[in-house]
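Below: the structure, in structure tokens.
Because the structure is predicted, anything quoted here is derived from the model rather than measured. Just so it is clear: chains get the letters A, B, ... in the order the sequence lines come, proteins before strands, and each one is counted from 1.
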Protein chains: 2
Amino acid sequence: MPGVKSIRALERGLDVLQALQTVPGASLRELHQITGLPKATLLRILKTLTERNLVWQRMADGAYLPSSRMRDRLPAPAENDRLVEIASPVMARLCERVNWPSILGVRIDDQIEVIETNRPRSHVPHLPLGPVGVRVNMLLSAVGRAYFAFCGPEERAEIVARMRLHARPGEEMAADTAWLARMVRETQARGYGMRDARFLGETEAGAGPVIDDGRASIATPIIVGGQVIAAINLTWTRRAATAEHVIETCLGDLREAAAEVALGMA
Amino acid sequence: MPGVKSIRALERGLDVLQALQTVPGASLRELHQITGLPKATLLRILKTLTERNLVWQRMADGAYLPSSRMRDRLPAPAENDRLVEIASPVMARLCERVNWPSILGVRIDDQIEVIETNRPRSHVPHLPLGPVGVRVNMLLSAVGRAYFAFCGPEERAEIVARMRLHARPGEEMAADTAWLARMVRETQARGYGMRDARFLGETEAGAGPVIDDGRASIATPIIVGGQVIAAINLTWTRRAATAEHVIETCLGDLREAAAEVALGMA
DNA sequence: AGTCAACGTTTCATGCCGTGAAACGCTCAG
DNA sequence: CTGAGCGTTTCACGGCATGAAACGTTGACT
């Protein structure tokens, strides 16, 4: 969307609205010297904002105030939306630097749900990471392991317990406590998650196992306040790059991205 | 402010913003068929809204979403602002019908604070009801009595107790339990508040008593959920109209106004 | 009562800039 | 490989946003 010019008249209106949330109860004269806009223009803007019930005028002193109805309009506070909004531009920049796509995942029960991906920005064609909403295996994928290894022991126990209930394909190892402990230990020591050799592709519910999709991934957790809230992926095709090369050139960027998102969420 | 035209470009931008809070995650095509605006125009609007951090674009599917940062921008939830915002247009219409000014007051401790006035709309010159923020005597004024007589007995007891602590001028009757009881009984029976003959003007802190300012008032409580939250006044000059005449012609309108505000606050 | 300053409101000529139809190009599905 | 669907860019037109200036009203002060 470069090449698209923004609309000045709209910009000015939003300026005034913002000024009124900063200085509630400003008079026309005050708005004039705050925004620098001519009074005639301000009058038209205020008329428009008032018609839309974003602003109202107190009769007592003629002051303009932001409407309390703005609060009603706001959509339900979907917590993950805030995460995606903050992570989205960071992931865009990450992709621009390393040129491999990423996904952002959060835990849903005992799986990882993909809530954002920068794949459309990566100019690697036909590397179809699933759309948002797809659930990813927690024990074998890079994102899953990054989350699983860095969350607290209680949360890990809860996840394992859930897995044992329905035992989806690819979650057989949930029964092997020794295997789980070793996987966690290795991931923690390494500092990032890696896919298992026996990885199951990121499948829609009910799809069968994939022995080898030709891809490899690493993933780092996003930790805010000592708690893991999500994990970021980096995926590449094994025929185009070795794991060693990607780790050497991209792991730092991936970690920085995770840290930046964590900072924004704090 | 009639004669002021609103700004179409701003209107359209606000339309899009509103559409996005109704349908979070809309694509350009969806916004096109929701708002009816050409896609080129939408692109410019979305660019502007994105620059102002009111909207952001999810990379995964290119959908536009309202920013969660909007919540941060909102000023502190001043409860009385909502009341004034709802009451303001109602009072404007009331004044247009009866042509006498009103005040809107809420209880602050043991006084009534004026939080809105339609006096500037009444074309009665030099009837200087105080500016917003002025405190009015609770026992002798019409607004005060309307509030005092229709709030619960516990609240009345608290108010009286506070008054006895510092005994401001005009609050001497707080000591006379029998007088209070009779005043409350009469006001409740009448259904609206009236000024006392010994009324003290609406004075700034420290100003002296006023024996007769030539005005008279009636006031009705605003009751929502069985609880009084405020009271509305109607003031006139005694040399221009008798109490009987004003009560006959205006009391109904005053009561309707109070009911309308109560409905809006529910 | 009279005067003056401050503020909000209205007017109107100017040309900027918002507008939208149309052409283009990309991505994905079949 | 082909086509459809969607986002993006272009460009010429004229509607409409603009703001300086004149005007009306309000409130303060003497």
Requested in this report: Taking the side chain as every heavy atom from C-beta outward, state whether Leu14(B) and Leu49(A) have any pair of such atoms under 4.5 Å apart.
Outcome: yes
Report summary line: Glu30(B) CD to dG5(D) P, in whole Å, measures 16 Å
Query raised in the report: Hey, is Asp253(A) close enough to Arg93(A) for a salt bridge, meaning N to O under 4.0 Å?
Result: no
Query raised in the report: Of all the choices, dT10(C), dA17(D), dC6(D), which nucleotide is nearest to the side chain of Leu43(A) once you look at every atom?
Result: dT10(C)
Query raised in the report: What integer distance in Å separates Arg12(A):CZ from dC16(D):P?
Result: 18 Å
Query raised in the report: Please give, in whole Å, the distance from dG7(D) C1' to Leu31(B) CG?
Result: 13 Å
Requested in this report: Using the closest heavy atom to pick a nucleotide of DNA chain D for each, name whichever of Gly3(A) or Pro120(B) lands nearer the 5' end.
Outcome: Gly3(A)
Requested in this report: With heavy atoms under 4.0 Å as the rule, sort Arg8(B) into base, sugar-phosphate or nothing.
Outcome: sugar-phosphate
Query - Selection from dG18(C), dG8(C), dT18(D) that lies nearest to any side-chain heavy atom of Thr41(A) - result: dT18(D)
**Report entry** Separation of dG19(D) C1' from Leu37(A) CG (nearest whole Å)
**Finding:** 11 Å
Query raised in the report: Touch check for Lys5(A), heavy atoms < 4.0 angstrom, all strands: base, sugar-phosphate only, or nothing?
Result: nothing
**Report entry** For atom CZ of Arg121(A) and atom P of dC26(C), their distance in whole Å
**Finding:** 16 Å
**Report entry** Proximity to the side chain of Pro38(A) - top-ranked nucleotide from dC6(D), dG19(D), dT19(C)
**Finding:** dG19(D)
Query - Between dG7(D) (P) and Leu46(B) (CG): distance, integer Å - result: 11 Å
Query raised in the report: Side chains of Trp56(A) and Val84(B): closer than 4.5 Å at any heavy-atom pair?
Result: yes
Query raised in the report: Looking across every strand, which nucleic acid part, if any, lies under 4.0 Å from Ser6(A) by heavy atom: base, sugar-phosphate, or nothing?
Result: sugar-phosphate
Query raised in the report: For Gln57(B) and Thr50(B), does a side-chain donor sit closer than 3.5 Å to a side-chain acceptor?
Result: no
**Report entry** Quiz item: Arg44(A) side-chain donor-acceptor pair to dG19(D) base, under 3.5 Å
**Finding:** yes
Requested in this report: Report yes if at least one side-chain N or O of Arg119(B) is closer than 4.0 Å to OP1 or OP2 of dG27(D); otherwise report no.
Outcome: yes
Query raised in the report: Nearest to the side chain of Ser27(A) - dG8(C), dG19(D), dT8(D)?
Result: dG8(C)
Query raised in the report: What is the distance from atom CZ of Arg119(A) to atom OG1 of Thr235(A), rounded to the nearest 0.5 Å?
Result: 11.0 Å
Query - d(CG, Leu10(A); C1', dC16(D)) in whole Å - result: 15 Å
Query raised in the report: Nearest to the side chain of Ala9(B) - dT8(D), dT19(C), dC7(C)?
Result: dT19(C)
**Report entry** Side chain of Ala40(A) (C-beta onward), nearest among dA20(D), dG7(D), dT9(D)
**Finding:** dA20(D)
Query - Distance, rounded to the nearest Å, where His32(B) contributes NE2 and dA21(C) contributes P - result: 9 Å
